[in-house]
There are 2 protein chains.
Amino acid sequence: MTLGPARRRGLSNEVADVIREAIFDGRYPPGAALREVELSEALEVSRGPVREALRSLEGEGLVRTEWHRGTTVTVLSSQDVAELDSLREALENLAVRRVVAADASLEAMADAAAAMDRASTPHEMVRCDIAFHDAVFAAADHSRLVQAWQAIRSQVHLFLITRVNVSTAGYLEQIRSEHRDLVAALRLGNVEGALKLFAEHRRHALDLLTVPDGAN
Amino acid sequence: MTLGPARRRGLSNEVADVIREAIFDGRYPPGAALREVELSEALEVSRGPVREALRSLEGEGLVRTEWHRGTTVTVLSSQDVAELDSLREALENLAVRRVVAADASLEAMADAAAAMDRASTPHEMVRCDIAFHDAVFAAADHSRLVQAWQAIRSQVHLFLITRVNVSTAGYLEQIRSEHRDLVAALRLGNVEGALKLFAEHRRHALDLLTVPDGAN
DNA sequence: GCTTGTCTCAATGTTAACATTCCTACATGC
DNA sequence: GCATGTAGGAATGTTAACATTGAGACAAGC
């Protein structure tokens with residue numbers, strides 16, 4: 001019976017999770033101010049852990065803090081989206097190469113892809129989408145690569161939910177089949193083919209979600 | 001007359017810088033404990049900013065914190081070094097591609113390479129080495145790429161100084177010419193050629209510095 | 001009318017005291 | 001002798017009060 005390390009987490013982590021979820025739920029839309037006293041009162045903790053949590057979220061790029069001017073939820077410009085896409089490409093390519101090279105288990109990824117069938121709302125689907133790519137990076141067995149992904153993960157999540165609220169048409173259906181294809185490509189072990197599919201996947205998400213408005 | 005934003009920095013940043021420099025100076029070798037009270041007394045600040053600074057350094061991978069057990073300077077295993085190298089490759093390739101594609105100014109990089117001639121100790125040389133690669137990433141004009149680089153930058157720095165203390169032979173001379181070649185390759189605008197040179201550069205540093213001991 | 005100076009207030013930055021946790025060492029029981 | 005239980009102490013986690021900063025409103029001067 002293998003059980004993981006039973007490490008305590010500390011209030012800061014808990015608080016960070018709550019705030020993160022609140023942002024993903026849309027309760028704090030991009031640009032909204034995250035006041036320390038407001039949060040500490042709502043969560044019934046002191047400002048210390050809240051401060052640490054906000055710093056942590058800042059590290060994820062989810063919020064932005066300015067000296068003596070407070071922290072706000074990150075607003076993604078079109079340039080930001082472009083940056084996220086290019087960096088994600090570099091990271092994901094490395095992940096795919098390692099997954100194929102090490103012939104890693106694809107079970108977790110297949111599970112994540114399957115979980116999409118149970119998702120009904122666009123909101124849940126985005127969560128599944130992110131979870132799938134989490135599984136890809138996890139399978140790459142490269143802690144710093146996972147860390148680099150986590151540094152932009154929340155921003156990608158933010159991007160997906162803000163855009164998905166604009167146009168949902170076709171998103172839910174297309175996404176499901178795409179991820180199944182990605183798993184299938186990895187099963188075959190063809191690196192170049194898998195890379196190509198992942199590239200197309202990113203491209204589709206970008207095209208589909210970026211069309212509505214031109215600039216920002 | 002263009003002058004940058006005159007933003008205040010806050011104590012935490014200052015403290016983080018001081019601690020970081022202390023680590024790079026070898027005053028806190030890998031594995032050493034960084035006690036909050038000790039630091040706060042030495043720097044004549046309260047524990048608050050010290051805590052935030054340590055969290056910041058943890059984000060850079062320079063230190064490691066465990067719940068109720070304090071923070072220590074990161075110890076890099078051979079697997080860590082391998083991870084750093086592969087991730088750095090992915091990031092640096094993207095950076096080089098962007099620098100060439102955008103025909104960015106190479107002045108800062110050339111300056112950094114030239115600064116190496118003035119470095120006498122291995123210690124200073126390592127600083128210049130890192131500064132050069134900082135310039136490469138800066139020229140890529142990609143804030144999140146810079147951020148990803150900064151997340152491993154300190155660890156690469158740590159790796160270089162710990163290994164350089166073991167074998168300095170040939171390091172100082174070889175490094176200088178290598179960086180000059182890198183600038184020259186970028187000047188030519190040949191992407192593939194530049195990528196190859198950067199790969200060799202990483203390989204040399206790894207071979208030269210990794211030989212002394214086998215595993216960790 | 002536009003700029004400049006001052007005031008006020010709200011929010012963050014900082015501090016120091018209190019609470020909790022974990023490790024070490026020692027004692028106890030078998 | 002080995003395992004278990006139990007204090008002691010040192011470190012981090014948390015809290016609440018105090019200090020500092022910056023933005024907006026308003027008035028004075030040109």
Side-chain angles (χ1 to χ4, degrees), chain A residues 3-20 22-23 27-75, chain B residues 1 3-23 27-75:
Chain A
L3 41 81
R7 48 176 62 106
R8 288 272 152 85
R9 291 178 2 92
L11 259 189
S12 320
N13 289 314
E14 212 100 34
V15 171
D17 286 348
V18 173
I19 298 177
R20 193 187 297 108
I23 293 175
R27 299 219 299 283
Y28 289 101
L34 297 168
R35 269 172 281 275
E36 295 181 359
V37 288
E38 182 181 319
L39 291 168
S40 65
E41 284 173 2
L43 302 176
E44 296 183 358
V45 293
S46 150
R47 276 178 53 212
V50 172
R51 276 179 71 83
E52 291 200 9
L54 289 178
R55 286 295 151 93
S56 183
L57 295 177
E58 192 181 7
E60 297 176 17
L62 238 190
V63 303
R64 196 170 209 73
T65 302
E66 277 175 299
W67 162 271
H68 259 298
R69 290 181 60 180
T71 84
T72 55
V73 180
T74 300
V75 180
Chain B
M1 179 170 172
L3 41 82
R7 49 175 61 104
R8 288 274 153 85
R9 290 177 7 91
L11 258 189
S12 321
N13 289 312
E14 213 98 33
V15 171
D17 287 348
V18 173
I19 299 177
R20 193 186 298 109
E21 291 306 310
I23 293 174
R27 299 220 296 283
Y28 290 100
L34 296 169
R35 271 172 279 275
E36 295 181 359
V37 287
E38 182 181 318
L39 291 168
S40 65
E41 284 174 2
L43 301 177
E44 296 183 359
V45 294
S46 154
R47 274 179 52 213
V50 172
R51 275 180 72 83
E52 291 199 9
L54 289 177
R55 284 295 152 94
S56 184
L57 295 178
E58 193 182 7
E60 298 175 17
L62 238 190
V63 304
R64 197 171 206 73
T65 302
E66 279 176 298
W67 164 272
H68 259 298
R69 291 182 61 182
T71 83
T72 55
V73 179
T74 300
V75 180

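In what follows, chains carry the letters A, B, and so on, assigned in the order in which the sequence lines appear, proteins first and then strands, with residues in each chain numbered from 1. Please read all numbers here as calculations on a predicted model, not as lab measurements.
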Round to the nearest Å and state the distance from [X] atom [atom1] to [N] atom [atom2].
X: B:Leu54; N: D:dA11; atom1: CG; atom2: P; value: 14 Å
X: A:Asn13; N: D:dG13; atom1: CG; atom2: P; value: 10 Å
X: B:Arg51; N: C:dG13; atom1: CZ; atom2: C1'; value: 16 Å
X: B:Glu66; N: C:dT20; atom1: CD; atom2: P; value: 23 Å
X: B:Glu52; N: C:dT15; atom1: CD; atom2: C1'; value: 13 Å
X: B:Glu41; N: C:dA16; atom1: CD; atom2: P; value: 11 Å

Please name all residues satisfying side chain to side chain contact (heavy atoms under 4.5 Å, CB included) with [X], sequence neighbours left out, ordered by chain then number.
X: B:Glu14; result: B:Arg9
X: A:Glu58; result: A:Arg55, A:Val63, A:Thr65
X: B:Glu38; result: B:Tyr28, B:Arg35

Just N and O in the side chain of [X]: are any of them under 4.0 Å from OP1 or OP2 of [N]?
X: A:Ser46; N: C:dC18; value: no
X: B:Arg47; N: D:dT12; value: no
X: A:Ser40; N: D:dT14; value: no
X: A:Trp67; N: D:dG22; value: yes

Inter-residue atom distance B:Leu62.CG - B:Ile19.CD1, 0.5 Å rounding: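 Taking CG in B:Leu62 and CD1 in B:Ile19, the distance rounds to 10.0 Å.
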B:Thr71 OG1 to B:Leu57 CG distance, which is reported to the nearest 0.5 Å: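 Nearest 0.5 Å value for the OG1-CG distance: 8.5 Å.
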Sugar-phosphate only, base, or nothing, as touched by B:Thr71 at under 4.0 Å among non-hydrogen atoms: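 The residue B:Thr71 makes no contact with any strand.
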Touch class at under 4.0 angstrom, heavy-atom based, for B:Thr65 against every strand present: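 Contact class for B:Thr65: none.
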side-chain hydrogen bond (donor to acceptor under 3.5 Å, both in side chains) partners of B:Thr74, counting only residues at least two apart: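 Partners of B:Thr74 under the side-chain hydrogen bond (donor to acceptor under 3.5 Å, both in side chains) test: none.
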Grab the N/O contacts between the protein and nucleotides 5-11 of chain C below 3.5 Å, and write none if there aren't any.
none

Can you give the donor-acceptor pairs under 3.5 Å from side chains of residues 42-50 of chain B to other protein atoms, not counting sequence neighbours?
unit_1: B:Ser46; atom_1: OG; unit_2: B:Gly48; atom_2: N; d: 3.3
unit_1: B:Arg47; atom_1: NE; unit_2: B:Glu36; atom_2: OE1; d: 3.0
unit_1: B:Arg47; atom_1: NH2; unit_2: B:Glu36; atom_2: OE1; d: 3.0

